[in-house]
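Residue numbering restarts at 1 for every chain, and letters A, B, ... go by the order of the sequence lines.
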Number of protein chains: 2
Amino acid sequence: MAGNGASLEVGFDELAVLKVLALEGAHRGEVKISGGDLAADLDVSTQTVSRRLQALEGADCLDREQVADGQFVTLSEDGVGRLKAEYEDYRRIFEAKGTVTLDGQITTGMGEGRHYVTLPGYNVQFEEKLGYDPYPGTLNVTLSAASNRERSILGSLEGITITEWEDEERTYGGATCYPATVEADTGPTFEGAHVIVPHRTHHDTDELELIAPERVRDELGLLDGDEVSVHVESA
Amino acid sequence: MAGNGASLEVGFDELAVLKVLALEGAHRGEVKISGGDLAADLDVSTQTVSRRLQALEGADCLDREQVADGQFVTLSEDGVGRLKAEYEDYRRIFEAKGTVTLDGQITTGMGEGRHYVTLPGYNVQFEEKLGYDPYPGTLNVTLSAASNRERSILGSLEGITITEWEDEERTYGGATCYPATVEADTGPTFEGAHVIVPHRTHHDTDELELIAPERVRDELGLLDGDEVSVHVESA
DNA sequence: ATTACTAGTTTACGAGTAA
DNA sequence: TTTACTCGTAAACTAGTAA
């Protein structure tokens, strides 16, 4: 925490400046620009551009060499990295990427899965839409911190929708299924499972639930705590 | 200018919200989220999230349906369009796009090109890196307003770097070359030329300089004012 | 022409509160 | 729990000036 002068934070506004600079080629090498040009592109004042460039320089996102009528700017590795992270986000959004791999440990759920999977309103849909009658129980995986952060990528995949239904007593919420392959840390894999994501569930869980025609635990010889990789595909 | 309540402008901060929503799949259909989750993702307060969602809704970037414990959000065509525009920018930056076409009129430069092209420090590099000894002179094209705006895309193409050099008197700056094909308005084309962009040049010029093994003007029968399309490729 | 400082104003923020 | 108000404060903006 060196006592740097002012706001050296790189927010979305600063990122926009980086992007414009990269569009001019500053990620590839030295590019000459003037604050006025940037100001016009970004629709802000030249003073604001000046400040944002200082912030970016202070955050080691770019190097500058000022001359009489402008400045030469080169994006640093850090700067390009930030842009690349944004780019990766947009790719995840628009290029329905084929697969996502999530890592975690086998865990024992609270038995809810077993109950729900056997309910007729769901079971009929599983047979119809997934093509099999699931083993009465779910394989639960506690995701690693990194994978849990990636969990949201599932939303960008094509899923198989299980619609909500009701009986005389209550309503049962819908869910989305994604084809998945379970790979045990020790080598063997199980194909033909599905990740099932209930629509009405707390977002802040780090558990992934899967269903399959057979009991995956038995097929792969999995015990609680065993590491697995779940390869999720687009439907 | 309808007297809308407050700041309905969609800035980069609001765009960031759109992006997070899209990562959750909101560009594909209804997605359930809570302001708190978004606030955590974006590292801002829930109040700010609330305000930004209102701004995005006011700008017709998304539709919302609020329920007791959160809200269902769907990105509108407008909202997805804004994200797509961003994505296109990032693609231009990172996916060295194959070709760019710039249009303009043939013009007579100030003869500087002829002088520089023949200097030994450059000539040696041309032979080595481009594979030919250029005709002693440059083909100058005054770009149309639209093409001049696209000129910056060149920076995102892979180029061939001509390094700076010096003699006893002074230093000669570097440049970047891009393979190019010149297409005359009348039909004939010349392949095997190169756009040359000096590193130390004013950004605000609307002239494009090309070098080639032969005199392109003669090969294509070009006169000042003739319209040409320059197809620039990635090296 | 630039860039960047200081000063004054506006805008955006987050805490608290209500529904 | 939610979402969205009000309100006091803090941050960011633009205008003007200097280098």
Colleague: Where the side chain of Thr48(A) is concerned, which of dT3(D), dT14(D), dG14(C) is the nearest nucleotide?
Modeller: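 Between dT3(D), dT14(D), dG14(C), the one nearest the side chain of Thr48(A) would be dT14(D).
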Colleague: OP1 or OP2 of dT3(D) versus the side-chain N and O atoms of Gln71(B): is any pair under 4.0 Å?
Modeller: yes
Colleague: Measure from the side chain of Gln54(B), starting at C-beta and using heavy atoms only, and say which of dC13(C), dA4(C), dA4(D) lies closest.
Modeller: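 That would be dA4(D).
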Colleague: Measure the distance from CZ on Phe12(A) to C1' on dA12(C) and round it to the nearest whole Å.
Modeller: 16 Å
Colleague: The side chain of Gln66(A) is closest to which nucleotide in this list: dC13(C), dT3(C), dC13(D)?
Modeller: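 Selected nucleotide: dT3(C).
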Colleague: If you look only at distance, which donor and acceptor atoms sit under 3.5 Å apart when one is on a side chain in residues 39-46 of chain B and the other is two or more places apart or in another chain?
Modeller:
unit_1, atom_1, unit_2, atom_2, d
Ser45(B), OG, Gln47(B), OE1, 3.3
Ser45(B), OG, Thr48(B), N, 3.2
Ser45(B), OG, Thr48(B), OG1, 3.1

Colleague: What closest approach, in Å, do Val117(B) and Pro134(B) show between heavy atoms, and which atom pair accounts for it?
Modeller: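 Heavy atoms only, the tightest pair is CG1-CB, 3.8 Å.
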Colleague: If every non-hydrogen atom of Ala180(A) is compared with every non-hydrogen atom of Leu210(A), which pair is closest and at what distance?
Modeller: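 Closest approach of Ala180(A) to Leu210(A), heavy atoms only: CB-CD2, 3.9 Å.
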Colleague: To the nearest angstrom, how far is Asp13(A) atom CG from dC13(C) atom C1'?
Modeller: 14 Å
Colleague: Find the distance Arg52(B):CZ to dG14(C):C1' and express it as a whole number of Å.
Modeller: 12 Å
Colleague: To the nearest Å, give me how far apart CG (Asp69(B)) and P (dA4(D)) are.
Modeller: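 Atom CG in Asp69(B) sits about 14 Å away from atom P in dA4(D).
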Colleague: In terms of relative ring orientation, are Tyr87(A) and Phe94(B) parallel, tilted or perpendicular, with 30° and 60° separating the classes?
Modeller: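 Plane angle under 30°, so parallel.
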Colleague: Whole angstrom is fine here: how far is it from CD in Glu14(B) over to C1' in dC13(C)?
Modeller: 13 Å
Colleague: Are a donor atom and an acceptor atom from the side chains of Ser229(B) and Asp103(B) found within less than 3.5 Å of each other?
Modeller: yes
Colleague: Whole angstroms only, please: what is the CD1-P distance between Ile33(A) and dA1(C)?
Modeller: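 Distance check: Ile33(A) CD1 to dA1(C) P gives 17 Å.
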Colleague: Evaluate the ring planes of Tyr122(A) and Tyr116(A), with Trp represented by its six-membered ring, and classify them as parallel (under 30°), tilted (30 to 60°) or perpendicular (over 60°).
Modeller: perpendicular
Colleague: Within the structure, does a side-chain N or O atom of Arg64(A) lie under 4.0 Å from either OP1 or OP2 of dA4(C)?
Modeller: yes
Colleague: Kindly point out which of dG14(C), dT3(C), dC13(D) is positioned nearest to the side chain of Ser50(A)?
Modeller: dT3(C)
Colleague: Leu38(B) CG to dT2(D) P: how many Å, rounded?
Modeller: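 Computing the Leu38(B):CG to dT2(D):P distance gives 12 Å.
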Colleague: Between dT3(C), dT14(D), dG14(C), which nucleotide gets closest to the side-chain atoms of Arg51(B)?
Modeller: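 For Arg51(B), the side-chain atoms sit closest to dG14(C).
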Colleague: When the distance from CD of Glu57(A) to C1' of dT3(C) is rounded to whole Å, what number comes out?
Modeller: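 After rounding, the reported distance stands at 12 Å.
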Colleague: Among Thr163(A), Thr161(A), Thr176(A), whose side chain to side chain donor-acceptor pair (under 3.5 Å) with His199(A) holds?
Modeller: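 Checked Thr163(A), Thr161(A), Thr176(A) against His199(A); only one passes side chain to side chain donor-acceptor pair (under 3.5 Å): Thr176(A).
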Colleague: Which one, dT2(D), dT14(D), dA12(C), comes nearest to the side chain of Ser34(B)?
Modeller: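 Selected nucleotide: dT2(D).
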Colleague: Choosing from dA15(C), dA15(D), dC13(C), which nucleotide comes nearest the side chain of Gln47(B)?
Modeller: dA15(C)
Colleague: At how many degrees, to 10°, do the end axes of the helix from dT2(C)-dA19(D) to dA19(C)-dT2(D) meet when each uses five pairs?
Modeller: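 One end's axis against the other's: 40°.
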